[in-house]
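One structure is given below, encoded as structure tokens.
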Amino acid sequence: MLILQLPDGSSKQYEQPVTAEKVAMDISPRLAQAAMAAVVDGKKVDLTTPLPDGEHTFKLLTDRDADSLEILRHTTAHVMAQAVRRVFGKDVQYTIGPALTDDFQYGFYYDFDMPTPAKQEDLEKIEQEMQKIVAEKLPLARLELPVEAAKQKFGQLGQAYKVELIDDLVKDANVSSVSLYEQGDFVDLCRGPHLPNTGKVKAFKLMSVAGAYWRGSEQNKMLTRIYGVAYFDKKAMDEHIQRVEQAKLRDHRLLGKQLGLFLISDAVGPGLPLWLPRGTVIRHQLEGWIRSELTARGYQLVITPHIGRLAMYRTSGHYPYYKDSQFPPILMQDKESACCAEHANEPVLEEGYLLKPMNCPHHIQIYKANQHSYRDLPVRLAEFGTVYRMEQSGELNGLTRVRGFTQDDAHLFCTPDQLEDEVRGCCDLVKLVLGTLGLTDYRVRVGMRDPASDKYVGDPANWERAEQNLRNVVSHLGMNYSEEKGEAAFYGPKIDFVVRDCLGREWQLGTVQVDYNLPERFGLEYMGSDNQPHRPVMVHRAPFGSMERFIGILIEHFGGAFPLWLSPVQAAVLPVSDKFNEYAIKVQQAGKDAGLRVELDDAPDKIGAKIRRWTMQKVPYLFVVGQREQDEQTVSVRQRGAAEVGTFKLDAAIAAMNEEAASRGAKAAFAAT
RNA sequence: GCCAGCGUAGCUCAACGGUAGAGCACCGCUUUUGUAAAGCGGGGGUUGCGGGUUCAAAUCCCACCGCUGGCUCCA
């Protein structure tokens, strides 16, 4: 006997055996046609799976339910794997192929081990085969097999990866049987659920082919990953593709070029951005703003060199622990101290220097230069410090992943008692930065060490303490966060503020890190009230993270349309003909005198062309001036995103703009008339 | 670093074995312009770099550099 509670509150009784499909048919044939899967007691199941006895909540998933999309995509991944096997033959091994539901670009992928990796141009062939499989309307049959039988089956099929996956299921979950899904000539190890048959797969597109290491480890073989997307109808898929295309227009690499913000020149080197005049304005605005916040919060500004002795980075641990991601050291040849002529040309390592990968050792030297009393603490040393890291070539990405970048760095030296307050203060600053700029869509990641890894310095007891400190702070900040193992810095755990770029890729911006280890390695001290030396704790923090990455994200966030205070050009003066150039110069000068960044467009173009030019540059305000404006000492104001907002006295327009700029985006200068 | 794709004028792209082209931008002339592109003319390229195949290479092959999408990494 089976009793099903339906979502509308009604219930239905059945004699066994019954499947969800039968229930759907019973309710209405149209529903049965639209049904993709069912949810029994909150768990998604196939339409064809026999329902268990007893009383259950029951819901059918149709193509309109968001949950169905995941099932559709998962089934589409199976269809793709089947097609790949048909096209490329039985030598292809299929490994894992999940659905993606929160990825901006892709809807699923499948990783294959194939004798020769698939190429971009193969995707079309695979798609055509997939269409055939869809037309065949192959039913997906679920089978439960005992572990040994399943291993034997995949062994016979030459699917060694599946055998390995089953072994892991036994090892990790101690399962005695596994589920398989079979569709025509294809069978896969899979938890399910799936669509009832391949004919339910409607709109899909294969998007790209990439390499991916088996189990995500570079020790393992590189597999061929094919990404695709699937929807229940073509319209939804076209909208998806449209959405991705639109997002690409916000890409900071594109806008950086169009708006003349920065340049990455191969002549200078990959990952070494050059800030163009307009981009530099944005950076200076942000730096100036945060500098005033820092001085108000008791920070002291310092400046340190771009290189430091290798020996110092051995002490800090940077050199031994992160040797691979640094530019090679600058080694000095010291012929005098060479033991003999034979070794005279060998560099003497101890005399070498390192391009700094981090600012902390320099700041530590500043702390060490004086004695400190507990009364002095916390000492907060801040610097826009430029650091260099040898990032892997395949990782470089516009401004968001570079090899030379400037951190809005600071190191706070405090007593253990002060630590959590200091960390809280740093988190507040990060939130101020993100909030002011409207970057509200971020997540907080608490990065802990991975005890199994040997890439961390210091005493486990220090780590325990530091991790507990961070937990204490975040749990009282009212922020959602996730704790992630293996995401710590090598010297301590950290709180990271992570945002997404236009293509949905995550980037860490602000960071706050607790460090008991470097103070120990450098022997830092302060004198306590007990007249005994004590060891301070350090906080490393950067609210922007790096200026490069932050501005890269900011460009995408605003789509290049920066708020007035950040806009490289705040207004352009556009005379309707060169008869009014003289008045236009006066307008420009008045703006400049008031501290605004104003450009003059005296090109021999018609006014429409001028408007178009500066509109495309996303300049917030355009001042059109002609006979009337000259006569009345006014400007006709055109606002970005709107058309004309009216004619204003020159002085009033300038004053209103200054007010808007000072508000950092909180106020608008002109109400549309 | 690894897998796949790409690299042609300042920018966006065409030509895909047979003399390298367009639009925008730039320069000159005409027009003196009223809210998203006036007209005409001109200059500009050893097709990323280096080899090879061929009577002939932007085009085919090899190596290198760089970029893009992923993977790994990410202090």
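Lettering of chains follows the sequences in order, A, B, ..., and the numbering in each one begins at 1.
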query: Does the gap between the ring centers of A/Y621 and A/F670 come in under 6.0 Å?
result: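 Yes; A/F670 has its ring centre under 6.0 Å from that of A/Y621.
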
message: Under 6.0 Å between ring centres: does that hold for A/Y110 and A/F108?
response: no

So, using side-chain contact (heavy atoms from CB on, under 4.5 Å) as the criterion, who are the partners of [X] when residues are at least two apart?
X      : answer
A/I585 : A/L600
A/I264 : A/F262, A/P273
A/R215 : A/E164, A/L165, A/D168, A/N220
A/A542 : A/D408, A/T511

query: Relative to each other, are the rings of A/F490 and A/Y321 parallel, tilted or perpendicular (30° and 60° limits)?
result: parallel

message: Would you call the rings of A/F413 and A/H411 parallel, tilted or perpendicular, taking 30° and 60° as the class edges?
response: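 The arrangement is tilted - the two ring planes meet at 30° to 60°.
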
Could you measure between the two [atom1] atoms, the one in [N] and the one in [M], and give it in whole Å?
N     : M     : atom1 : value
B/G23 : B/A37 : C1'   : 12 Å
B/A9  : B/G50 : C1'   : 23 Å
B/C11 : B/C71 : P     : 30 Å
B/G7  : B/U59 : P     : 11 Å
B/G41 : B/A36 : P     : 28 Å
B/C62 : B/A75 : P     : 38 Å
B/A58 : B/G39 : P     : 35 Å
B/A15 : B/G21 : C1'   : 7 Å

[X] and [Y] ion-paired at < 4.0 Å:
X      : Y      : result
A/D496 : A/R445 : yes
A/K125 : A/D122 : yes
A/K485 : A/D450 : no

- prompt: What parts of residues 506-518 of chain A reach RNA chain B, counting only heavy atoms under 4.0 Å away?
  reply: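 Under 4.0 Å from RNA chain B: A/Q513.
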
Treat primed atoms plus P, OP1 and OP2 as sugar-phosphate and everything else as base, then score [range] 5' to 3': B for base contact with protein heavy atoms under 4.0 Å, S for sugar-phosphate contact only, - for none.
range                        : result
nucleotides 63-68 of chain B : --SSSS
nucleotides 5-16 of chain B  : S-----SS----
nucleotides 30-46 of chain B : --BBBBBBS--------

Which nucleotide in B/G1, B/G70, B/A75 has an atom nearest any side-chain atom of A/Y213: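 For A/Y213, the side-chain atoms sit closest to B/G1.
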
How many whole angstroms separate atom [atom1] of [X] from atom [atom2] of [N]?
X      : N     : atom1 : atom2 : result
A/Q617 : B/A25 : CD    : C1'   : 12 Å
A/D324 : B/G1  : CG    : C1'   : 11 Å
A/M390 : B/G1  : CE    : C1'   : 10 Å
A/D601 : B/A25 : CG    : C1'   : 14 Å
A/W214 : B/C2  : CH2   : C1'   : 18 Å
A/Y388 : B/C74 : OH    : C1'   : 19 Å
A/Q258 : B/C24 : CD    : C1'   : 13 Å
A/Q326 : B/A75 : CD    : P     : 12 Å

query: Taking atom types as they are modelled, is there a donor-acceptor pair under 3.5 Å from the base of B/C73 to the side chain of A/R401?
result: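 Such a pair is found, so the answer is yes.
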
Quiz item: A/R225 side-chain donor-acceptor pair to B/C3 base, under 3.5 Å: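 Between B/C3 and A/R225, which were checked side chain against base, a qualifying N/O pair under 3.5 Å is absent.
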
Determine the contact category for [X]: base if any of its heavy atoms lies under 4.0 Å from a base atom, sugar-phosphate if only primed atoms, P, OP1 or OP2 are that close, otherwise nothing.
X      : value
A/P357 : base
A/K323 : nothing
A/Y227 : sugar-phosphate
A/Y321 : nothing
A/G216 : sugar-phosphate

Please list, for nucleotides 47-49 of chain B, all pairs of protein and nucleotide N/O atoms separated by less than 3.5 Å.
none

query: When the nearest nucleotide of RNA chain B is assigned to A/Q105 and to A/S325 on a heavy-atom basis, which residue is associated with the more 5' position?
result: A/Q105

- prompt: Between A/A212 and A/T224, which is nearer to the 5' end of RNA chain B once each is assigned its nearest nucleotide?
  reply: A/T224

- request: Look at A/K356 and B/A75 and indicate whether a side-chain polar atom (N or O) is within less than 4.0 Å of OP1 or OP2.
  value: no

message: Using the ring-ring contact (aromatic ring centres under 6.0 Å, His included) criterion, which residues pair with A/Y227? Sequence neighbours excluded.
response: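 Here the qualifying residues are A/Y106, A/Y109.
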
- request: Answer yes or no: does atom NZ of A/K119 have more than 12 heavy-atom neighbours from other residues, nucleotides or ligands under 6.0 Å?
  value: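 Result for NZ/A/K119: open.
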
- prompt: By salt bridge (charged side-chain N to carboxylate O under 4.0 Å, His left out), which residues pair with A/R85, not counting sequence neighbours?
  reply: none

field: Cation-pi geometry met for A/R465 and A/Y516 (6.0 Å, 45°)
entry: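 Checked: cation-pi criterion met.
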
- request: Apply side-chain hydrogen bond (donor to acceptor under 3.5 Å, both in side chains) to A/Q627 and A/D631, showing your working.
  value: CA-CA 6 Å; A/Q627 191 65 56; A/D631 292 344; 3.1 Å; yes

Hey, are [Y] and [X] close enough side-chain-wise for a donor-acceptor pair under 3.5 Å?
X      : Y      : value
A/S482 : A/E484 : yes
A/D602 : A/N581 : no
A/H318 : A/Q326 : no

- prompt: So what does the secondary structure string of RNA chain B come out as, 5' to 3', with Watson-Crick or wobble pairs under 3.5 angstrom, [ ] for crossing and | for pairs with another strand?
  reply: (((((((..((((....[..)))).(((((.......))))).....(.(((..]....))).))))))))....

task: In sequence, state the C-alpha distance, the side-chain angles, and the governing distance for A/R505 and A/E556, and then conclude on salt bridge (Lys or Arg N to Asp or Glu O under 4.0 Å).
output: CA-CA 12 Å; A/R505 298 172 293 202; A/E556 302 189 357; 5.8 Å; no

message: For A/R449, run the salt bridge (charged side-chain N to carboxylate O under 4.0 Å, His left out) check against A/E483, A/E467, A/E487 and tell me which one passes.
response: A/E467

